[in-house]
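Notes follow the structure.
Numbering of ligands and ligand atoms starts at 1, following listing order.
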Amino acid sequence: MITRAAITAVGGYVPEKILTNKELEKMVDTNDQWIRDRTGIEERRILDKDRATSDMGVEAILNLLSKTNYSAEDIDLIIVSTVSPDYVYPATANIIADKIGAVNSWGFDMNAACSGFLYALRTGSQFIESGMHKKVLVVGADKMSIRVDYEDRNTCILFGDGAGAVLLEPTEENGIIDSKFAVDGSGGNFLMQKAGGSKYPTSLETLKNKEHYIYQDGRTVFKFAVKGMADITEEVMKQNNLTADDVAYLVPHQANKRIIDATAKRAGLPDEKVMVNIQKYGNTTNATIPLCLWEWEDKLKPGDNILLAAFGGGFAWGSIYLKWAY
Ligand code: COA
């Protein structure tokens with residue numbers, strides 16, 4: 001018998017504060033119609049200034065645990081994927097473990113930009129498949145509002161704050177079946193935070209140049225994202241002999257509705273098989289996929305074939321095929 005890792009619980013959290021397209025019209029030279037037409041986004045959530053990414057991760061985990069018979073002490077490992085950690089170090093995973101009382105857990109952060117949650121999910125699944133752990137929490141959380149320049153209309157319309165979490169446990173049926181991942185570092189310059197790392201440490205100059213905010217060449221990223229996400233999803237379908245009829249849901253990273261539509265079209269999937277909540281939350285980076293699972297949880301049935309797909313900065317992209325377990 002092969003031991004697989006199955007998602008056995010899901011939790012989510014989005015801040016209460018809503019930032020609408022109409023409100024953005026007052027901040028930058030944009031308009032509601034343009035944002036809807038070009039991205040599919042209608043509003044996004046913004047976390048209070050005095051709260052951090054770990055606070056959202058904690059909320060998502062508490063929501064998840066409330067649906068199980070487990071307590072934080074039962075958790076073996078917490079992996080947090082984020083591009084907006086509370087600090088450069090210590091890891092946000094450690095802060096979350098402390099806040100929820102996961103005294104028997106270890107943890108670490110991962111960063112694969114917008115694909116981070118899928119990379120973390122696949123990493124977490126290895127600890128289950130190897131037999132090393134029985135309960136792994138994978139958290140995708142981002143306070144993107146700290147990464148966004150609200151004077152830059154190219155990026156400020158796109159992003160929002162949120163967190164999602166899944167619990168991985170061993171199973172002998174269903175669970176994570178297959179995956180494929182790719183990186184192309186030559187694409188790094190098209191989507192990045194230029195300063196604040198070891199190459200361009202924070203200085204008065206970098207602050208003046210606003211280099212601590214997201215820089216994106218949207219058109220180029222769009223082109224690569226459409227191809228990357230569609231290609232890799234198709235490859236995972238092919239290597240598992242899946243047709244569109246076999247697939248219950250595609251769970252795409254929510255960066256742009258047009259990228260989602262292109263991926264769904266290539267996979268031959270109708271709208272009702274594609275999870276989309278970008279209109280409400282925008283791009284929450286590491287939280288998009290678990291927030292979709294959180295919202296669709298009640299509709300999912302054991303054995304459903306689910307395809308997860310993401311593309312993001314790096315470039316880094318990937319797709320996971322799993323059978324829903326509960
Ligand atoms: N409001 C109104 N007009 C805007 C605008 C805004 N917020 N932002 C850009 N524009 C303008 C541009 O200046 C441009 O005007 P011009 O033709 O006079 O130069 C025009 O709209 C078209 O700009 P363009 O950048 O070609 O738009 P687009 O259709 O590519 O949409 C993005 C822009 C950012 C929405 C889109 O490129 C995108 O989603 N890119 C990928 C994002 C992504 O997946 N990122 C990955 C993160 S994981």
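Considering backbone and side-chain N/O of Asn31, none are found under 3.5 Å from N/O of ligand 1. Any N or O atom pair closer than 3.5 Å counts here, and Thr39 shares no such pair with ligand 1. Not a single N or O atom of Asn283, backbone or side chain, sits closer than 3.5 Å to an N or O atom of ligand 1. Between Gly218 and ligand 1, an N or O atom pair is found at a separation short of 3.5 Å. For ligand 1, none of its N or O atoms has an N or O atom of His253 under 3.5 Å away.
Near Gly312, with a cut-off below 4.0 Å to any heavy atom, the atoms of ligand 1 are 48 (S). Against a heavy-atom cut-off of under 4.0 Å, Ile157 is close to the following atoms of ligand 1: 7 (N). Near Cys114, the atoms of ligand 1 lying under 4.0 angstrom from a non-hydrogen atom of the residue are 47 (C), 48 (S). Ligand 1 places these atoms under 4.0 Å from at least one heavy atom of Leu191: 46 (C), 47 (C). Set against the non-hydrogen atoms of Asn154, the atoms of ligand 1 under 4.0 Å away are 8 (N), 9 (C). Counting atoms of ligand 1 from 1 in the listed order, those under 4.0 Å from a heavy atom of Ile259 are 44 (O). Applying the 4.0 Å criterion to heavy atoms of Asn256 picks out, from ligand 1, the atoms 35 (C), 36 (C), 38 (C), 39 (O). Atoms of ligand 1 lying under 4.0 Å from any heavy atom of Phe311, numbered from 1 in the order shown and given with element: 48 (S).
By the ring pair (Phe, Tyr, Trp, His ring centres under 6.0 Å) test, Phe108 is found to be paired with Trp106, residues two or more places apart in sequence or in another chain being considered. In terms of the salt bridge (charged side-chain N to carboxylate O under 4.0 Å, His left out) criterion, Asp298 has no residue partners (sequence neighbours excluded).
The protein atom (non-hydrogen) at minimum distance from atom 31 (O) of ligand 1 is Arg258 NH2, 3.6 Å. Regarding atom 45 (N) of ligand 1, its nearest protein heavy-atom neighbour is Gln216 OE1, 2.8 Å. Scanning all protein heavy atoms for the shortest distance to atom 12 (C) of ligand 1 gives Arg153 NH2, 3.8 Å. Shortest contact from atom 29 (O) of ligand 1 to any protein heavy atom: Arg38 NH2, 2.7 Å. When hydrogens are left out, the protein atom nearest atom 5 (C) of ligand 1 is Trp34 CH2, 3.4 Å; that is the closest non-hydrogen contact. Of the protein's non-hydrogen atoms, the one nearest atom 23 (O) of ligand 1 is Arg219 NH2, 3.7 Å.
Tested against Tyr321, the residues Asp178, Asn305, Thr233 include a single side-chain hydrogen bond (donor to acceptor under 3.5 Å, both in side chains) partner, Asn305. Checked options Asp142, Thr285, Thr92; the residue passing with Thr82 is Asp142 (criterion: side-chain hydrogen bond (donor to acceptor under 3.5 Å, both in side chains)).
Both tests do not hold together for Lys194 against Tyr200: distance to the six-membered ring centre under 6.0 Å, angle to the ring axis within 45°.
Atoms CZ and CE, on Arg266 and Met229 in that order, are 11.5 Å from each other to the nearest 0.5 Å. Note that NZ of Lys301 is 4.5 Å distant from CG of Asp304, once rounded to the nearest 0.5 Å. Expressed to the nearest 0.5 Å, how far CH2 of Trp294 lies from CG of Leu64 amounts to 12.0 Å.
Within a 6.0 Å radius of CG in Asn69, other residues, nucleotides and ligands contribute 12 heavy atoms or fewer.
In this structure, atom 16 (P) of ligand 1 has no protein heavy-atom contact shorter than 4.0 Å.
Salt bridge annotation for Lys26-Glu23: absent, with no cationic side-chain nitrogen under 4.0 angstrom from a carboxylate oxygen. Salt-bridge annotation for Lys22 and Glu43: absent, with no side-chain N of the basic residue lying under 4.0 Å from a carboxylate O of the acidic one. Salt-bridge annotation for Lys180 and Glu234: absent, with no side-chain N of the basic residue lying under 4.0 Å from a carboxylate O of the acidic one. Between Lys210 and Glu151, at least one side-chain N (NZ, or NE/NH1/NH2) sits under 4.0 Å from a carboxylate O, which counts as a salt bridge.
Heavy-atom proximity to atom 1 (N) of ligand 1, evaluated over Leu24, Asp217, Val226, Thr30, is greatest for Thr30.
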